[in-house]
Number of protein chains: 2
Amino acid sequence: MSRRNTEVTVGAPQGVGALQDTVEASARARVEETCPMVEVLGRVSAKWNISILVAVSEGPVRFTELERALVGISRRMLTLNLRNLERDGLVVRTVYPTVPPKVEYEATPMARELYGSLLALTSWAERHREDVTLARARYDATAEAPSAAR
Amino acid sequence: MSRRNTEVTVGAPQGVGALQDTVEASARARVEETCPMVEVLGRVSAKWNISILVAVSEGPVRFTELERALVGISRRMLTLNLRNLERDGLVVRTVYPTVPPKVEYEATPMARELYGSLLALTSWAERHREDVTLARARYDATAEAPSAAR
DNA sequence: CTGCATCCCGCCAGATACTG
DNA sequence: CAGTATCTGGCGGGATGCAG
């Protein structure tokens with residue numbers, strides 16, 4: 001995913017590899033730094049991961065509890081996302097070798113640092129979901145609806 | 001077909017089953033119905049959208065400036081993402097009918113509410129990208145290479 | 001400068017079935 | 001309960017070329 005191609009005439013093979021060679025240090029350094037962290041951002045900001053992280057940040061949660069909390073997620077996706085989060089050190093997976101298997105997931109300290117921001121995001125999403133829906137409808141209407149459209 | 005939107009709809013990180021708006025989205029609509037918030041979350045948290053929103057929240061930005069700021073993004077993706085953000089009412093696109101076309105993008109008030117949280121996310125990503133990389137390497141080492149070394 | 005169109009590949013994600 | 005395996009399809013997204 002970290003491929004880059006900004007029309008640099010460097011002729012870097014589009015294949016993978018090709019590390020960043022252009023260094024633009026300016027007032028927007030924050031944004032420019034995204035390249036290395038886009039990957040991390042992408043992981044955290046994935047559709048379900050935000051909800052998952054919020055859930056596991058509130059204490060140990062069992063697999064089934066998560067499945068119920070995240071309405072609409074498939075078991076496969078839940079498993080996959082949890083694995084990825086675990087791999088990135090954001091979630092700790094604890095297996096209790098009991099008869100009915102019991103597995104608990106919990107956020108690591110590092111992940112808990114995000115709790116506040118994540119909560120802010122979700123609450124924002126709730127507050128503005130109507131506005132967004134309206135804006136979309138309006139946009140679609142003006143872009144495609146008019147008499148001569150298309 | 002000369003619609004403004006080519007194919008993407010963003011709103012989806014990567015995959016996420018992207019909520020396609022074009023025409024048929026019934027298959028995925030059910031998820032949004034049960035949990036509308038997830039839908040909005042998905043739109044905002046797409047791979048590049050966080051970085052884009054941060055950038056446009058700092059003032060009017062021209063297309064090329066964004067392209068340079070978001071190291072690694074392709075022109076296509078930038079255009080597509082900007083269109084979607086505009087459609088969702090998060091970004092305002094202003095075209096100046098000058099000879100060399102000039103277009104500026106700016107975040108709407110609604111989008112600016114996210115600035116703080118988004119910045120928190122990106123700064124977190126910067127601060128912990130190494131930890132994440134390390135955790136990942138460690139995980140991969142114990143999970144995929146148990147036979148070698150050690 | 002800004003943006004659209006097209007080809008194409010790979011990953012994400014859903015559905016379904018099987019296991020400890 | 002808690003996954004794993006597999007098939008399939010769609011979207012994300014890169015590369016390239018053309019246009020206003």
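Source: prediction; values computed, not measured. Because only heavy atoms are used, hydrogens play no part in the values below, and waters and symmetry mates are left out as well, while side chains stay in. Letters go in sequence order (proteins before strands), and every chain restarts at 1.
Of the residues in residues 97-108 of chain B, those placing a heavy atom less than 4.0 Å from an atom of DNA chain C are B:P101, B:V103, B:Y105, in numerical order.
To the nearest 0.5 Å, atoms OG1 (A:T122) and CD1 (A:I50) are separated by 8.0 Å.
Residue A:M77 has its side chain nearest to C:dG14 when only C:dG3, C:dG14, D:dA2 are considered.
One can place CG of B:L78 at 16 Å from C1' of D:dA15, the figure rounded to the nearest angstrom. As rounded to whole Å, 14 Å separates atom C1' of D:dG3 from atom CG of A:L66. Regarding A:R43, its CZ atom lies at a distance of 8 Å from the P atom of C:dC12, rounded to whole Å. Computed from coordinates, the B:E65 CD to C:dG3 P distance equals 13 Å when rounded to whole Å. Between the P atom of D:dA5 and the CG atom of A:L80 lies a distance of 11 Å, rounded to the nearest Å. In this entry the distance linking CG of A:L82 with C1' of D:dT4 reads 14 Å, nearest Å. Following rounding to the nearest Å, B:R68 (CZ) and C:dC1 (P) show an atom-to-atom distance of 11 Å.
Look at A:R83 and you'll find a side-chain N or O under 4.0 angstrom from OP1 or OP2 of D:dG3. For C:dG3, neither phosphate oxygen OP1 nor OP2 lies less than 4.0 angstrom from any side-chain nitrogen or oxygen of B:T79. Checking the phosphate oxygens (OP1, OP2) of D:dA2, no side-chain nitrogen or oxygen of A:R75 falls inside 4.0 Å.
A:R93 is linked by a side chain to side chain donor-acceptor pair (under 3.5 Å) to A:Y105, counting only residues two or more places apart in sequence or in another chain. Under the side chain to side chain donor-acceptor pair (under 3.5 Å) criterion, A:D88 pairs with A:R43, B:R136, not counting sequence neighbours. A search for side chain to side chain donor-acceptor pair (under 3.5 Å) contacts involving B:E130 returns nothing, not counting sequence neighbours.
Contacts classified as salt bridge (charged side-chain N to carboxylate O under 4.0 Å, His left out) and involving residues 107-120 of chain B (residues at least two apart or in different chains) are given here: A:R127-B:E113, B:E106-B:R112. Among residue pairs with one or both ends in residues 64-73 of chain A, those qualifying as salt bridge (charged side-chain N to carboxylate O under 4.0 Å, His left out) are A:E67-A:R75; sequence neighbours excluded.
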